There are 4 protein chains.
Amino acid sequence: MTQDTTKIATFFGCHSPHLIDCLVTYCYSVGMARPKSEDKRNAIMEAATRAIASQGLSASTALIAKEAGIANGSLFTYFETKTDLFNQLYLELKTEMTAAAMKDLPESGDLRKQVFHAWSNWIYWAVSNPYKRYALRQLNVSDGITPATRSAADKVAVEFNDLIKRIRAHGSLQTAPFSFVGALLNGLAEATIVTMVNDPDNAEKHCKTGFETFWRAIS
Amino acid sequence: MTQDTTKIATFFGCHSPHLIDCLVTYCYSVGMARPKSEDKRNAIMEAATRAIASQGLSASTALIAKEAGIANGSLFTYFETKTDLFNQLYLELKTEMTAAAMKDLPESGDLRKQVFHAWSNWIYWAVSNPYKRYALRQLNVSDGITPATRSAADKVAVEFNDLIKRIRAHGSLQTAPFSFVGALLNGLAEATIVTMVNDPDNAEKHCKTGFETFWRAIS
Amino acid sequence: MTQDTTKIATFFGCHSPHLIDCLVTYCYSVGMARPKSEDKRNAIMEAATRAIASQGLSASTALIAKEAGIANGSLFTYFETKTDLFNQLYLELKTEMTAAAMKDLPESGDLRKQVFHAWSNWIYWAVSNPYKRYALRQLNVSDGITPATRSAADKVAVEFNDLIKRIRAHGSLQTAPFSFVGALLNGLAEATIVTMVNDPDNAEKHCKTGFETFWRAIS
Amino acid sequence: MTQDTTKIATFFGCHSPHLIDCLVTYCYSVGMARPKSEDKRNAIMEAATRAIASQGLSASTALIAKEAGIANGSLFTYFETKTDLFNQLYLELKTEMTAAAMKDLPESGDLRKQVFHAWSNWIYWAVSNPYKRYALRQLNVSDGITPATRSAADKVAVEFNDLIKRIRAHGSLQTAPFSFVGALLNGLAEATIVTMVNDPDNAEKHCKTGFETFWRAIS
DNA sequence: CATGAATGAGCGTTCATTCAT
DNA sequence: GATGAATGAACGCTCATTCAT
């Protein structure tokens, strides 16, 4: 018997072993057949990331399925269409990237230090996850990513953006559209990442330089 | 129709306008005049630019040919493969963009003014040629663009880069790899362009802000 | 819920409505009451009829299952294959149609009146059950219906056919193959039905005209 | 040199051999590359007819192409979609059938003789072209045949229908909708054909019986 | 050199059927 | 017995490229 069934039984305030047996049978008998596996979904996501990294957005669903170790058609149990998969992947990668940036952010203290912390997290996540970074870059220019997905992706970055808004508040870009600051930040991050990847021996230095350049730009 | 072909037609004792039209074409086809291939090549390039802008890199060669007003197969007398076409297009667009940036550059005088001139030219070229900009952005992330093409594209920008190198010589980025500065510049330009396109009423202001941000970043 | 299951639930000392619901299902599933399979079989048959009416014979088993309110795979515990389902459906619809035709047939009396009674019943059944009629029409031309099914379908109509044979006995078609008379009757019925459906205001008149036409044809 | 080119040259009133040579070259050079072959179109039509006869409407385009002796994709140079092919095939078969029925129709004389002539032609065409008849029957119940195609098919039968209208003018079905008479005729023809196919030794007799039955029905 | 029909591998997606739960 | 995820062959259709005309 699985933990889940026991939980359900307990939820109903029932400890009779026989009744629990009924429940087990019941659970199997109604709507509990082989649940969609989170593992498999993740495998598809990862396979798609790798496939996009190596073939671009024209990577075939067949390749993605094969890389994920599932049958051709199974992909469509998890994602309605290729476009749907790509939209979900885009959102997931953006979410992961943002979460990585905000990880262990010092809650208070020097604003500069906070931003540098987030910057470093971000940059190192990108450098450590080259496939994800590359896939994100491709998905970013794809026509298939819907406005809804893009706006959802913006929403996950709200905390991060608040941070940026706070630094902007005192510098030369107070009156510039926020989107300009965001794009500037992205561009600088991209430049920094590429530089670090090309010259990993001085990675830390380049990361710092990138940040300082950003700080000057926004001052 | 040229005088020459009329003469030839008359020589054959034929005055039917349609037949003369045939003759004109025939005369061109047997090399009596230079074939219009340069025109056709350009038409394909432009058609490809538009097609990429509207359909992405997956725009079919059939569509491109149709837009260029030529037959399906004729495209392949001008470009060996689709990839070849895209490589040449990439190089041509980059060349055109660079040339636009360097146009009428004041040969001497204040360095800041020179750079601002190039910056403005660049940004305005991009804003005025949205299809080309969009196509360039797509081609830039394409797997099909060969390293050879990319390095050729770098070469056409040598003059422009020299300019950048001269400003870098005195600021905080003296020791940063030049590629970092280039990527920074690209990122900032992209950010500026998008901002201008979204808010065309303040285009000039955004162009200036972008430049000043770059100047601070590099100082 | 039946009294029986409530008793069982009480026996287990449990009064949660949801859990009792579980138990009811469980009790059924272990054979404490006859499984509702007959109901489900019928639900599938009806669902298939509707599905064929709306999508043709290419209606998917998934759609049929969904319309029947059962799971995808459950369909195959009631029918070995899709073809099997269609064969059974064909036979069932033909049987129902024939039964409808023969309903309340006056046992004796004027032969013409008897036949008109059956004709009317038949035609009105078809007009009142458009989905069934449509499905039957599609199944009739399907390659999947086996000769065995077709001959079984003929057998259920034996009583009806006897009636027809009795009228034939005195007319111009005495020596024609019976199958010709059957096909003639079918063709006329189909023509009558369509005419009635297209002009329902004169349905009764068209039904009569159809019958009289048949009577003349067979005289 | 082909006949066609000579014709064109003559049309232009030009007999100079050299000029004709120009024309040949010209014709090839503009818009005269491998014209869509009528033969191939017909081969596809015939292949589709056979495929539908053996597999029903679910016959795959791949099979049709293979049977037609062309590549998979070539089918789509001749027909935009499978549905398009089926619509054109339906119209063509109906047209052929109608033309067969009306062939060598005696222009004047006994109406009964005229109709019998058409009836015989029709029935014998169907009996001699079993694939076509079968395909037509399948296409007739297909959801993919558009109303436009159906109405076009009606139009080709206008002459035939006029004949029927003339016999109807004096019998019991004067006030019945014409569509009823048409459906009656179809039904009877179908019944007659099947009977003939099943008992070819008495084909002629069955054909006559069918006609007489029709004549009685309509009287 | 221009043309567009021909090619066939490949695409995204569907679906009857199986089977672990 | 019920479930629905899993399967993989097939489907209709597209497309870069070739080549007869």
Side-chain angles (χ1 to χ4, degrees), chain A residues 2 24-37 40 58-65 70-78 80-83 85, chain B residues 25 28-31 35-37 40 58-65 70-78 80-83 85, chain C residues 25 28-31 35-37 40 58-66 70-78 80-83 85, chain D residues 2 24-37 40 58-65 70-83 85:
Chain A
T2 69
V24 173
T25 306
Y26 177 71
C27 290
Y28 281 139
S29 78
V30 298
M32 289 218 130
R34 218 179 330 182
K36 248 183 252 188
S37 135
K40 227 161 252 181
S58 64
S60 73
T61 53
L63 173 67
I64 295 170
I70 59 168
N72 218 311
S74 297
L75 192 150
F76 296 93
T77 330
Y78 290 87
E80 244 168 57
T81 60
K82 190 190 185 187
T83 300
L85 163 60
Chain B
T25 306
Y28 280 137
S29 80
V30 296
K36 297 188 163 187
S37 47
K40 248 169 218 175
S58 63
S60 72
T61 53
L63 174 67
I64 295 170
I70 59 164
N72 215 318
S74 299
L75 192 150
F76 295 91
T77 58
Y78 291 90
E80 237 166 66
T81 61
K82 191 189 185 187
T83 301
L85 163 60
Chain C
T25 307
Y28 280 137
S29 80
V30 296
K36 297 189 164 185
S37 46
K40 248 170 218 173
S58 64
S60 71
T61 54
L63 173 67
I64 295 170
K66 196 177 161 190
I70 60 165
N72 216 317
S74 298
L75 192 150
F76 294 92
T77 59
Y78 291 90
E80 238 166 65
T81 61
K82 191 189 184 187
T83 300
L85 163 60
Chain D
T2 70
V24 173
T25 306
Y26 177 71
C27 290
Y28 282 140
S29 80
V30 297
M32 289 218 131
R34 218 179 331 182
K36 248 184 252 189
S37 134
K40 228 163 248 179
S58 63
S60 73
T61 54
L63 173 66
I64 295 170
I70 59 167
N72 218 312
S74 297
L75 192 150
F76 297 94
T77 29
Y78 289 86
F79 303 94
E80 245 169 56
T81 61
K82 189 190 184 188
T83 300
L85 164 60

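Below, all heavy atoms of this structure are taken into account, side chains as well, without hydrogens, waters or symmetry copies. Each chain gets a letter, A, B and so on, in the order the sequences are listed, and its residues count up from 1. Values in this document were obtained by computation on a predicted structure and should not be read as measured data.
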For this session: Drop me the distance from B:Y78's OH to B:K40's NZ, to the nearest 0.5 angstrom.
Result: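 It is 4.5 Å, given to the nearest 0.5 Å.
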For this session: Report the distance from atom NZ of B:K82 to atom CD1 of B:I64, rounding to the nearest 0.5 Å.
Result: 6.0 Å
Exercise. Got a minute to check which stems DNA chain E is part of, using Watson-Crick or G-U wobble pairs under 3.5 Å, three or more consecutive?
Worked result: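 Stems for DNA chain E, defined as runs of 3 or more consecutive pairs: E:2-21 with F:2-21.
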Pairing residues for [X] by the side chain to side chain contact (heavy atoms under 4.5 Å, CB included) criterion, not counting sequence neighbours:
| X | result |
| --- | --- |
| C:F76 | C:T61 |
| C:T77 | none |
| C:S58 | none |
| A:A71 | A:S74 |

Exercise. Can you give one letter per nucleotide of nucleotides 8-15 of chain E, going 5' to 3': B for a protein heavy atom under 4.0 Å from the base, S for sugar-phosphate only, - for none?
Worked result: B--SSBBS
For this session: Check A:A65 against A:L75 and note the closest heavy-atom contact, atom names and distance.
Result: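 Looking at all heavy atoms of both residues, the closest pair is N-CD1, 4.1 Å.
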Problem set entry | OP1 or OP2 of E:dA2 under 4.0 Å from side-chain N/O of B:K40 |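 B:K40 to E:dA2 OP1/OP2: side-chain N or O found under 4.0 Å.
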For this session: Please state how far atom CG in B:L85 lies from atom P in F:dT17, giving the value in whole angstrom units.
Result: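 The distance from CG of B:L85 to P of F:dT17 comes to 10 Å, rounded to the nearest Å.
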Problem set entry | First encountered from the 5' end of DNA chain E, between B:L75 and D:Y78 |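 Result of the comparison: B:L75.
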